[in-house]
Structure formats: C-alpha cells, structure tokens
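Taking it in order: structure first as structure tokens, then the write-up.
It should be emphasised that the depicted structure is a prediction, and the values quoted were computed from it without experimental measurement. So you know, we letter chains A, B, ... as the sequences are listed, proteins then strands, and number each from 1.
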There are 2 protein chains.
Amino acid sequence: MTGLHNSVLQEPREPSIASIDLDIEAPSAAANAVAVEIGLNAAIVSMIADEPQILTVCPAGPRTVKQAPALPFGLFTPLKHRTLEIGLRDWVKGQTGLDLGYVEQLYTFGDRGRHARLGGDSLHVVSIGYLALTRTEDTPLAAGVGWSDWYEHFPWEDWRDGKPPILSQEIEPRLTEWASRPEPPGTPRRPLARMDRLRMSFGLSVPWDDERVLERYEVLYEAGLVAEAARDGRSAAQDWAALPALGRPMMFDHRRILATAMSRLRGKLKYRPLIFELMPETFTLFDLQRVVEAILGSYLHKQNFRRLVENAGLVEPAGGVAARTGGRPARVYRFRRNVLLERPAPGFRVKVHNVARPA
Amino acid sequence: MTGLHNSVLQEPREPSIASIDLDIEAPSAAANAVAVEIGLNAAIVSMIADEPQILTVCPAGPRTVKQAPALPFGLFTPLKHRTLEIGLRDWVKGQTGLDLGYVEQLYTFGDRGRHARLGGDSLHVVSIGYLALTRTEDTPLAAGVGWSDWYEHFPWEDWRDGKPPILSQEIEPRLTEWASRPEPPGTPRRPLARMDRLRMSFGLSVPWDDERVLERYEVLYEAGLVAEAARDGRSAAQDWAALPALGRPMMFDHRRILATAMSRLRGKLKYRPLIFELMPETFTLFDLQRVVEAILGSYLHKQNFRRLVENAGLVEPAGGVAARTGGRPARVYRFRRNVLLERPAPGFRVKVHNVARPA
DNA sequence: TCAAAAGTGTTATCCTTACACCCATGT
DNA sequence: ACATGGGTGTAAGGATAACACTTTTGA
C-alpha cells in the first residue's frame, strides 16, 4: 500500500477539496432529514482594463463588522429549473442582471464551514461552484453588485512584477513556522507532511506553478492564515486580529471557489481556447497577450507568444490595423473557430516567466 | 460574441455534461419543496488480469428484463457523514465490503433521466460521481457485487488490437446518418453542428483522442444509439430492438459517470502518478506498461516507455528480479514517491499508437 | 530624432520518436 | 537453437527558448 490519497495527486488540473473538510468536526446531531439544499455559486470572470475581475454581490443581512463580498449564489429549485446550469443562469440573471455565456462546473463542496451559515441555522447546504466567462458589457448591474479584482483576494498570485513581496515578507515565514510545528493530535493521516505540501505548492522545491492556486489557498487555510479559517473556528489559538489580512476574505467558502476557478482557468487556458470568451470580437496579438498574462499572473515572451498563437492556428487576420497609443499600429485578428476541428488540444502552451517583464 | 458555449471547449480534461440535460423536457410540476436528495456514485477501478474492471452492484428491485448493472451508490446523509467523501466511503463499504483508497470527485449531474428513477416517483436526485482506484484485494465482496470489464461497456474505446471493428461497422455509418439529418425543431442552439462534433470526437478530422470517452458517449446518446437513450425516452422514433447494443448498458446515468471516470483517468495519467494506485507495491516496467496500456486502450512503444518512466523519476529499483514466463527476468521497481516533490507534473506523457502492438 | 510597440529571422538546445541491436532465460 | 521478453545506444526531426534586429507609427 503506497498510501497516496487525495490531495497529493490532484493538482494542478483537478483540484482536491476534501482535504479541508476532513478536519472539521461533526455537526451537532439534530433532525433526521436527509434532504439537503443545493447552493449554486458562480465565479464570473471578466476583463476590465486588462485586469481579471470577478462579479461580487453584497447580500443583505446583519452587517457584522465589514461585510465580506460573496459570489452570486442561490438555491437550486428543481421544480423551476430543469438542470443545475439553467438554475445557475437564472439566479445570476435575477441577482445581477447579467446573461452568462460560457459556463462550466467546477466542484461540489460538502461543507461551507460551520460558523458561516446564512441564518445561523444548522441546515446542510451542498454548494456547487461554477466558472463563467463573460465580456464586460453595458448591461447595468443590479444594486450591490460589482466587479472585484481577483488579485485583491489573492495578492500572492500575481507575479507580473516579480515575486510578490507578501510571499517573502508574510507568507513564507509564517508557513515555515506552521510546517515546523507538529500536527495536532487527532489529525487524519495525510499522505504528505506539512513541510512537503508547503514546498510543493509555494514553489520552494519545484518552480512556482501558476495553476496551484487552490492548493496554496488550502495550505493557508489550514495554517490559519486566512480570515475564513478563523471565522470557521479553525486556528482558535491564533491571535487573529494581530495578523495582517492575507488577501481580501469572502463570504462562506467563496474564496475557495474562486481559487478553484483560477486554477481551472489557468490550467485550461493551455489546452483549450477559453481565452477568447474574454476577448472582444477583434483584437491585436498584444491585447491577447496582456489578457493571457493577466490570467496567468506572469509575463510572457512577446516574440514567442506571437509565433505560438499564429502557428497554433488560434487566430486569423481580421483585416485592418488598430491605431494605438505610441508605436506602430498592430494588425487586428479574430479567433479562428476552425481550430477546434483541426487540433487535438488547441491552447496557449506558454512558458511563464515569473520575473518582471522580460525584454 | 463568438458564441462558444459549453461543450465545445470542455474536452478532454474537463468534460461537459450539461449538453444532454438541455434536451430533456421539464419534469411534471408537482410538489413545492426545494430539498433535493444527493446521490453518491462511485466508479471504482481495479486491474484484474491486466484488464481494467469496475465494481458493479445489482440493486434489488423489480427485475424488468435483464437488469443492467449499477455503480455502487447511495444517498448522502449529512447528519451521519461530515463530508460527501466520507459518506461515499461509508456507502461503498456497506454495499460492497470494500475500503476505498484513492478517491476523487468527478462531476455533479443534475438529472438522471426521467424514466430511470429508483421507485418511479418524481423525487429529484442530484448525483455526484466519484472516481476511486483500488488494488484488487482479498476482501470478500458482498452478494450481488462483482467486477465488470470496462471495455464491455465501451467496446469502441479499446484500440489495443487496432481500430475496433464496431466503429467502422456499426458506429460510424449510423452516426454519419444521424449527423446528416437536420436537428429536430426545438433543439437549443449548439456551438457545433452534429457533423463537426462527430468528426472531432470520433477521430474523423483529428486523430482519435483516447481522452474523449465522455464526448463520444454523449454523441452516441444524443444519436439514440445507446440503450440508455431509448430508456430515457429519447429517440422514440428508433426501432430500438432491431439495433445491436452498443456496449453493455448500465442503470441510471451510470454509464455516463463511467465515461467521465475513464476520461479523467486517461487524462490525468499523463501528468499525475495515479497509476501506482492500481499497481502492487513492486512491479516490472513491463507490468507497468501493460496497466497503462489497458487504461489508455492502446499500445505504447516499449523502449521509449522505459526511458520515459525512468528519467521522469517515477520509479526506483526495488532490488531483485521477477522470474517470469518466457524471456529474461526483469528488474523489479517501486513507485518513487519523492517525484511529487521534485517534478511539477509527473506522469506518463506518452504517445499512443492506435495500431496493433508496435514492434 | 526618439520612444514605443509591431513584427521577422536565426540559432542553440532539448525532447521525442523511431530504429537497431544486444542480453538473459526457459523450452 | 530459438522464442520471448529485458534492456541499451543513437541519430533524425521537431518544438521551444532566447536573442538580435528591422519596421512603422506618434510625439
């Protein structure tokens, strides 16, 4: 028996979630019903000013401290909606005013954290996370709905200006300390020790992997270094108020869902032409590069990016040039849809740079 | 607006499911409850005699015609089980006697097909599919539980002896006919035409892709060529009894879950060392190759496979040799667990052959 | 004339693929 | 002897990464 369970093998393209769940204590036994409510949650991504944004709502309710934003969410009502995805689209439309285009399911989470329930009751909710991609449209958003830069929630994921200082200054020292402490008694057997997980996910033993967003969030959660962990009753020993917040927290397990969405998007970019769901009809190659870079959180080599895109057959000239600020006008391209029929796995098989912009 | 939604972009590593759902008519409106039952379903894979097998159960109930096998399944009871995965493990243990090792979530399905409900009632069930890998152990299985060769359910997926005849003889002609017919009225807009989907998934315009198991099953389902489609009330126009069965059907949507599991396993093999969950503690390189080949459904080049495995750092000599039938005794290896800490994406980046065994 | 960005060419390197061939054992 | 599978060497080809350099615009 090799003993390789769960989270070790999951990343980067198929994230593990269960690892956190296993540490939460059982709910106080009460009623006997097996019925469960299904929460649908959407991480809706759009590009605004070359930065990836996600749609957030501020649900009404008792405003304890400063309210953390939430993803658009709602309950699945099977009698009203034939399928989960139709229900999701309907909820999002009603809650935000937005019509979703591309939608894909991410993961189904079994527990949202005991202390974070909507009404404080003990009703069980299973939440299904979705990723949606949309172009920023002129659709007016409902009140309380807005866009939120995803790197505000994950500042350690943006390497476009070199390694984020928060990693060396805040995260690495405290995670190293956490990893050097022994596991508390009663912890389920893990396939990897704390230190190994830290080294893998934060690029200490392997190069930093842009796709391991979820793994990193889970480590931070377990170490009690994100606000959600304290809120969920983990890391009671931590003097939470004394610590600087690592990224902006969100309601429920929504930051975990966002981490899942970022992992999926970053991973899938490399073998599916998802990116064009975020692009306007026509664009220049450098427009495209900036969007890819913003999603991946790192800079790419310009000349090689051009060639990659061109001889992967991903785009075709749309005719005409774009007059841009400074510099020679660029040719305008559009997505070449036929690539789907011609190539087995069309995408941006790029090498990331993880240093400040290369020459 | 490029109009690229859903299923086009999903394969091969992140399968789309929603496409089928969209075609099923709404359930007869009845009660008003929003509570939904959560079904947990496990595709449990093991190798027996170098063939991949899945665990099936024959649930008790009215035996109309010959009963199709089911995956082990059960309802999630949140008051008894803290997490979805714990619930799954418990159900499987009770139903089959098996202790699961490696488990990962696949997908959450919103509708199991109206005509295929357990008691015939209209209760809504959301089913969550899981993939589990296990070594065949001496654990005695409960009554009615057994192993089933997965290529019996998907005979067109095994290319180890060249292209399966069922493709040229049965599937391609009928799918071509289906693709040439116009979409029925009322069909939701699809990003790709029938013919394009057929060409992509069945290797007519791109090389056959071993990972697109689910895409292929979905096309067959929509074309009404698998028994489940007729059972679910699709393809009423087909004279079903006159057609030879394309693969052994399963209960509910379990063959769809199995297809998802096969897609995931075949895809993930290439960048995660999942395979070793199916291997004994020690093995020869050829043992390993045969298991990989059985999962992928195609032969690999022997010499290159050896080198790939060795200098990917996936294995290390365990000492000793295996006395085997015919031929020189082979060195015995074991999984090298440290590879997880050293390589970003350790796996079998093999090129499949899709012809009879290469020299 | 300079800055800024577009766009092209070329090489060195690595990895993959394919092929050739030898080794050790049982019958 | 020969069949069978174990195991090694190497060369051709393709993809990638890095670098140098030219072109076209606006200020």
Interatomic distance, Asn311(B) CG vs dG7(D) C1' [rounded to whole Å]
14 Å

From CZ of Phe286(A) over to C1' of dA4(C), roughly how many Å is that when rounded to an integer?
10 Å

Between dA20(D), dT8(D), dT24(D), spot the one nearest the side chain of Pro329(A), thanks.
dT24(D)

Would you check if there is a donor-acceptor pair between the side chains of Thr134(B) and Ser46(B) at a distance under 3.5 Å?
no

Rounding to an integer number of Å, can you tell me how far Gln303(A) CD sits from dT23(D) C1'?
14 Å

Is Glu172(A) salt-bridged to Lys163(A), going by a charged N under 4.0 Å from an acidic O?
yes

Looking at Arg328(B), does any N or O in its side chain come under 4.0 Å of the phosphate oxygens OP1/OP2 on dC23(C)?
no

Does a salt bridge link Arg337(A) with Glu342(A), judged by any charged N lying under 4.0 Å from a carboxylate O?
no

Would you indicate which nucleotide in dG5(D), dA18(D), dA6(C) comes nearest to any side-chain atom of His301(A)?
dA18(D)

Do Tyr217(A) and Glu215(A) have a side chain donor and acceptor closer than 3.5 Å?
no

Base dA5(C) paired with Lys302(A) side chain (donor-acceptor, <3.5 Å)
no

Using whole Å, what does the distance between atom P of nucleotide dG7(C) and atom CG of Leu308(A) come to?
16 Å

Can you tabulate the close N/O pairs, meaning under 3.5 Å, that link protein atoms to atoms of nucleotides 10-15 of chain D?
none

The helix from dT1(C)-dA27(D) to dT27(C)-dA1(D): angle between end helix axes, five pairs per end, rounded to 10 degrees
10°

Do Glu310(A) and Tyr333(A) get their side chains close enough for a donor-acceptor pair, meaning under 3.5 Å?
yes

Between Glu51(A) and Arg160(A), is the closest basic N to carboxylate O distance under 4.0 Å?
yes

Least distance between heavy atoms, Ile44(B) atom then Trp147(B) atom
O-CZ3, 3.7 Å

Nearest to the side chain of Ala330(A), which nucleotide is it out of dG9(C), dT24(D), dA6(C)?
dA6(C)

Just the rounded figure in Å: distance from P of dA4(C) to CD of Gln289(A).
17 Å

Looking only at side-chain atoms of Arg306(B), point me to the closest of dC21(C), dG7(C), dG6(D).
dG6(D)

Tell me if the centroids of the rings in Phe276(B) and Phe283(B) come within less than 6.0 Å of each other.
yes

Rounded to the Å, how far apart are Arg331(A) CZ and dA5(C) P?
19 Å

Distance check needed: dT16(D) C1' versus Leu300(A) CG, whole Å only.
14 Å

Rounded distance in Å - CZ (Phe305(B)) to P (dC19(C)):
20 Å

Does the distance from a Lys or Arg side-chain N to an Asp or Glu carboxylate O, for Glu157(B) and Arg266(B), drop under 4.0 Å?
yes

